[in-house]
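These notes concern the structure reproduced below.
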Protein chains: 2
Amino acid sequence: MKTLPRKDQIRLKAQVLFREKGYVASSMRDIADTLGIEAASLYNHISSKEEILQDICFSMAESFFVAIEPISTENIPLDEKLKKAITAHIGVIAANSDASAVFLHEWRHLGNPSLSDFKLMRRRYERIFSSMLDDGIRTKVFRAVDVPLTVRTLLSAMNWTYEWYNPKGKVDPTAMSEHICKLILDGLRN
Amino acid sequence: MKTLPRKDQIRLKAQVLFREKGYVASSMRDIADTLGIEAASLYNHISSKEEILQDICFSMAESFFVAIEPISTENIPLDEKLKKAITAHIGVIAANSDASAVFLHEWRHLGNPSLSDFKLMRRRYERIFSSMLDDGIRTKVFRAVDVPLTVRTLLSAMNWTYEWYNPKGKVDPTAMSEHICKLILDGLRN
DNA sequence: TTCGCTAACTAACGAGCGTTAGTTAGTTTA
DNA sequence: TAAACTAACTAACGCTCGTTAGTTAGCGAA
């Protein structure tokens, strides 16, 4: 029964608030209240409100890369690889739905240079999926789709799933991933 | 070259701001600035900041219903019906990308009772798609997928498309709809 | 025992917020 | 022409915001 460092406690509480009300609408006094301390006391542990947002966004980004990069270099059939990538991505979301929601919706309130860095990372992440689709099309595993459009569609199809893990684990991430994989790969038609 | 009523001008400018910075981070003074007037002058035309948000959210909701409801009652094959529904939905987004972005992301800053009303409308809208999937599954046009999960995935796959129409019409809505229809119906696999 | 560190506190700052009151110039209506 | 309406203005209200300064109680190390 270890107690977390105060800074981590702040991040965890802030995640929930940022997800529920949004970053701008969540005040430092709101965050402090959930910890039972005064707003000013937060500054013994963090240097600004935005630092909390940065921590959430960039640590989530890293989680996604850590999950996806080893898969992207595997030498396996492209449809299988995409399946593993989708499963990994959804796994990261499922493992931290609050932070995922913040990562996906509140990043635009980052100031520069964090904002530019964040956008670059996102582009880099999308390019991993683009490469997989390109390779799959070249090897005739996939149809000759519009790749940028399909990547965005795929990511959007995955990125709402944090909502599913909010109230209580009604759906397990594995079942969810399998459903989405099947839908993306083979479609809805019988 | 008609000049719009001031209230409509306010809504149009607010749409852009709310989309770019979010509702909470956009101040009445920001909105007034884009019109070249003082913040207080806005109150000759509207009664509160939230009223602007309500107007945007509920008029967009109505646009979606107007587009989708006639299709939902047509008597045509279910895959064709779904295709028409997807095309109609994306058409509404394409016709007003700023308002769509606000509709999709800022609704949670509505206060009650607007917020509850909004959520009910969304549920009702989702149910239209659920019915189409149910019918399609019953008539063996579609596979026996998990309907709620598939509806959410479908909506997410469509609802990012407002981003595409932001800078300048690079992609036409028809091509975009066809891509997404094909992907959802037949999948990515060759 | 004293020193220094940690993590809380109180108090307050300046800025910005949404909104209201009261006023005014110009335009439309009676 | 006089009255009423429209749509802007200035000024200000009360409140909340993120943040800073200075203080203090408790605790482990020298």
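Not measured: the values here are computed from a predicted model. Convention: sequence-line order gives letters A, B, ...; per-chain numbering from 1.
Of the candidate nucleotides D:dT10, D:dT20, D:dA8, D:dT20 has the atom lying nearest to any side-chain atom of A:A40.
When the shell of 6.0 Å around CD of A:E62 is examined, it contains 12 or fewer heavy atoms from other residues, nucleotides or ligands. Within 6.0 Å of the NZ atom in A:K13, the count of heavy atoms belonging to other residues, nucleotides or ligands does not exceed 12.
Using cut-offs of 30° and 60° on the angle between ring planes, the pair A:Y125 and A:H89 is tilted.
Comparing B:E38 and A:A39 against DNA chain D, the residue whose closest nucleotide sits nearer the 5' end is B:E38.
Between the CD1 atom of A:I46 and the C1' atom of C:dA8 there is a distance of 15 Å, given to the nearest Å. When the C1' atom of C:dG18 is taken as reference, atom CG of B:D30 falls 12 Å away, rounded to whole Å. Here the C1' atom of nucleotide C:dA11 and the OH atom of A:Y43 are 16 Å apart, to the nearest Å. As a whole-Å value, the separation of B:L35 CG from D:dC9 P is 10 Å. The distance between atom CG of B:L53 and atom P of C:dG18, rounded to the nearest whole Å, is 13 Å. We find that CZ of B:R29 is positioned 14 Å from C1' of D:dC9, with the value rounded to whole Å. Going from atom CG of B:N44 over to atom P of C:dT24 covers 16 Å, rounded to whole Å. For the pair B:K7 NZ and D:dA7 C1', the computed distance is 15 Å after rounding to whole Å.
At least one side-chain nitrogen or oxygen of B:R6 sits closer than 4.0 Å to the OP1 or OP2 atom of D:dA8. Dashed line: the shortest gap from a side-chain N or O of A:H45 to OP1 or OP2 of C:dT6 is not under 4.0 Å. Contact check, B:S41 against D:dC9: a side-chain N or O comes under 4.0 Å of OP1 or OP2.
A cation-pi contact links A:R124 to A:F65, judged by a cut-off of 6.0 Å to the six-membered ring centre and 45° from its axis. With a 6.0 Å cutoff to the six-membered ring centre and a 45° limit on the axis angle, B:K49 counts as a cation-pi contact of B:Y23.
Across all strands, A:S27 comes closer than 4.0 Å only to sugar-phosphate atoms, never to a base (heavy-atom distances). Across all strands shown, A:S26 has heavy atoms under 4.0 Å from sugar-phosphate atoms exclusively, and none from any base.
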